[in-house]
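See below for the structure under consideration.
Hydrogens, waters and symmetry mates are skipped; everything else that's a heavy atom, side chains included, is used. Throughout, protein chains are lettered first and strands after them, A, B, ... in sequence-line order, and every chain is numbered starting at 1. Quick caveat, the model's predicted, so the values are computed rather than measured.
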Amino acid sequence: MKQTAEQKAADFVDAEIIPLEKGTLGPHAPAESRPKDSRGVKDYVILPLLFLAVTLLGGLRFGAADNAFLFIKPDLICLVYSAILLLLFVRAGLVRLNSWLDEDFALLRNVANAGILLTLFAASTQVFNSVLPEQGIAFWVVAFFFFWTLWNNLFAEFDARKLLRSVGAMFALAFVAKYLVLANLTAAPADGGWLARIFENPGKETLTWLLDLPRYGRSSGYVQFFALSLFLLGLYLTPARIGEKS
Amino acid sequence: MNRPAKKRILGIETIVSMKEKYIHILSIAIVAAGFVFVAFLYSTEPRSFAEVASKSQVAIGTYEIDRAQFDRGLAAFRADQFVEARAAFDRADPEKRDAAAQFYTAYSLYRQGWGRFSSDDALFKSGVEAVNRVLEIDPNFRSSDTTLSLRSPIELRTELEEGLRITTSDFNPLRFTRERK
């Protein structure tokens, strides 16, 4: 049973091989063929821009009455949570610190890498600022659950992929709690005194008062959804070893 | 024979490291500029894009009042239309950084709140706040407007504070004859 060369090839190859052009980008391109410059631009330009955008937008809310900008500075607890989150990133290998900062690297490279890590820290702080309720009992409840999750994660065995999923799920849940559940329990500001507002909307008015919920414009939720998406995209693009293919 | 090749290789290496260097410098510049911009927004807390522009002008030292609005405010002030005057002064000096605009704002609050028997405390209190802003901006400010009786912020503040205080002279029937300054 001798097979011809063509028959042999047909047993193994069931598709037509299309040679890639030199310099092809995207997921179909072999990693080796991706130009090093595009990785450099992604790591050193796009990543810090993404994280800076999150830093800018994370504390931005809109006034309920006039849609005026309100810049909410992060609480101290957001900085603590952000530090724990960065520690988790390092533990899980999402960021391999020794390939980001090393005494053998040129000073400029170390400073640039430290700058990106700083933007990651600032963006993480602002994401906590974004999804934590500003005050009242809701703040304490959500802050406690954040602490509980982060504390447990500190002692769990993670890889980068699982950590990304866990962080994404944690922030998504907090976003839903704040911008969908609590925002829908908040009474909109109305003309007239507090008595008129209570008669118009007794349930929401009582919950707003009991839970001490701030009244923000609806656009706040949209902006924060965008900021959270940018943050998760930034995390997805963050290389474990900067300047090298991840 | 090997020299030129070596040189060429070295040349390519130099180009690559220069490119990396430029990307690192660009990255540092982006991060630094980004943090300065974010810190500026969170410290000044502008409420609209217009305020972002005016606060940026203050930060870089190019802030100037809107002269047309200021003149409109001055005309309204002289016609005893104090609410319109203050609105125009606010538009002229949204950042409250100009001593003259703030002085006229304080003066309009004094004139509107002044009464022969009693003065409007709320307006006078706002007047004291405005005149304090004048003293913060320029402690040596003196108005060149000869139509005003009170030309320095100290004189105006004394008059406003006098109006807020209740003294025995408030019950003097001769107060009826006093004039607005």
Side-chain angles (χ1 to χ4, degrees), chain A residues 35-63 65-74 78 100-101 105-123 125-126 129 217 227 234 242-244, chain B residues 8-60 63 66 69 83 86-97 122:
Chain A
K36 201 180 174 188
D37 283 353
S38 74
R39 281 206 300 274
V41 170
K42 190 247 326 173
D43 294 349
Y44 286 100
V45 179
I46 296 171
L47 258 189
L49 280 175
L50 277 176
F51 289 137
L52 282 169
V54 177
T55 309
L56 174 67
L57 298 175
L60 178 63
R61 313 281 185 276
F62 294 91
D66 52 359
N67 261 334
F69 297 157
L70 300 169
F71 289 95
I72 311 289
K73 294 180 190 91
C78 298
W100 282 68
L101 303 170
F105 294 165
L107 177 69
L108 211 57
R109 185 174 171 185
N110 270 329
V111 173
N113 291 351
I116 298 168
L117 287 178
L118 197 64
T119 57
L120 173 61
F121 176 75
T125 306
Q126 285 293 66
N129 181 21
I242 194 159
E244 299 167 25
Chain B
R8 192 170 59 84
I9 291 163
L10 274 174
I12 290 164
E13 276 174 2
T14 310
I15 288 165
V16 169
S17 74
M18 284 296 276
K19 268 190 179 173
E20 273 187 4
K21 197 176 156 189
Y22 288 140
I23 286 179
H24 292 156
I25 291 171
L26 179 67
S27 177
I28 293 166
I30 288 170
V31 170
F35 274 122
V36 167
F37 184 60
V38 171
F40 162 74
L41 285 180
Y42 278 80
S43 60
T44 57
E45 299 182 2
R47 294 178 62 82
S48 64
F49 283 113
E51 275 193 29
V52 173
S54 63
K55 284 180 192 294
S56 306
Q57 286 174 344
V58 171
I60 58 175
Y63 178 73
D66 184 337
Q69 288 292 342
V83 178
R86 281 200 299 280
F89 289 136
D90 274 349
R91 284 194 298 274
D93 181 25
E95 291 303 313
K96 302 188 189 328
R97 293 262 168 180

Start with the C-alpha gap between B:Ser27 and A:Val45, add the side-chain angles, then the distance that decides, and say whether side chain to side chain contact (heavy atoms under 4.5 Å, CB included) holds. CA-CA 6 Å; B:Ser27 177; A:Val45 179; 5.6 Å; no
Is it true that, when you exclude B:Arg91 itself, more than 12 heavy atoms of the residues, nucleotides or ligands shown sit nearer than 6.0 Å to its CZ?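 Yes, enclosed.
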Would a 4.5 Å heavy-atom cut-off, applied to side chains only, mark A:Val111 and B:His24 as touching?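 Not touching, per the 4.5 Å side-chain cut-off.
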Run the side chain to side chain contact (heavy atoms under 4.5 Å, CB included) test against A:Ala68 and tell me which residues pass, sequence neighbours left out.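 For A:Ala68, the residues satisfying side chain to side chain contact (heavy atoms under 4.5 Å, CB included) (neighbours in sequence not counted) are A:Asp66, B:Arg47.
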Contact origin within A:Leu70 toward chain B - heavy atom pairs under 4.5 Å: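 Side chain only.
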Check each atom of A:Ala122 against the heavy atoms of chain B and say whether the ones under 4.5 Å are side chain, backbone, both or neither.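 The side chain, not the backbone.
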Applying a heavy-atom distance below 4.5 Å, give me the residues of residues 47-54 of chain A that approach chain B, sorted by number.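 Under the 4.5 Å heavy-atom cut-off, A:Pro48, A:Leu49, A:Leu52 qualify.
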Would you mind writing out the side-chain donor-acceptor pairs for residues 29-43 of chain B within the sub-3.5 Å range, not counting sequence neighbours?
| residue | atom | partner | partner atom | Å |
| --- | --- | --- | --- | --- |
| B:Tyr42 | OH | A:Leu56 | O | 2.8 |
| B:Tyr42 | OH | A:Gly59 | N | 3.0 |
| B:Tyr42 | OH | A:Gln126 | NE2 | 3.1 |
| B:Ser43 | OG | B:Ala39 | O | 2.8 |
| B:Ser43 | OG | B:Phe40 | O | 3.1 |

Determine which pairs satisfy side-chain hydrogen bond (donor to acceptor under 3.5 Å, both in side chains) with at least one residue from residues 51-62 of chain A, sequence neighbours left out, and list them in order.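 For residues 51-62 of chain A: A:Arg61-A:Glu134.
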State the CD-OH distance between B:Glu20 and A:Tyr44, to the nearest 0.5 angstrom.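 Here the interatomic distance stands at 7.5 Å.
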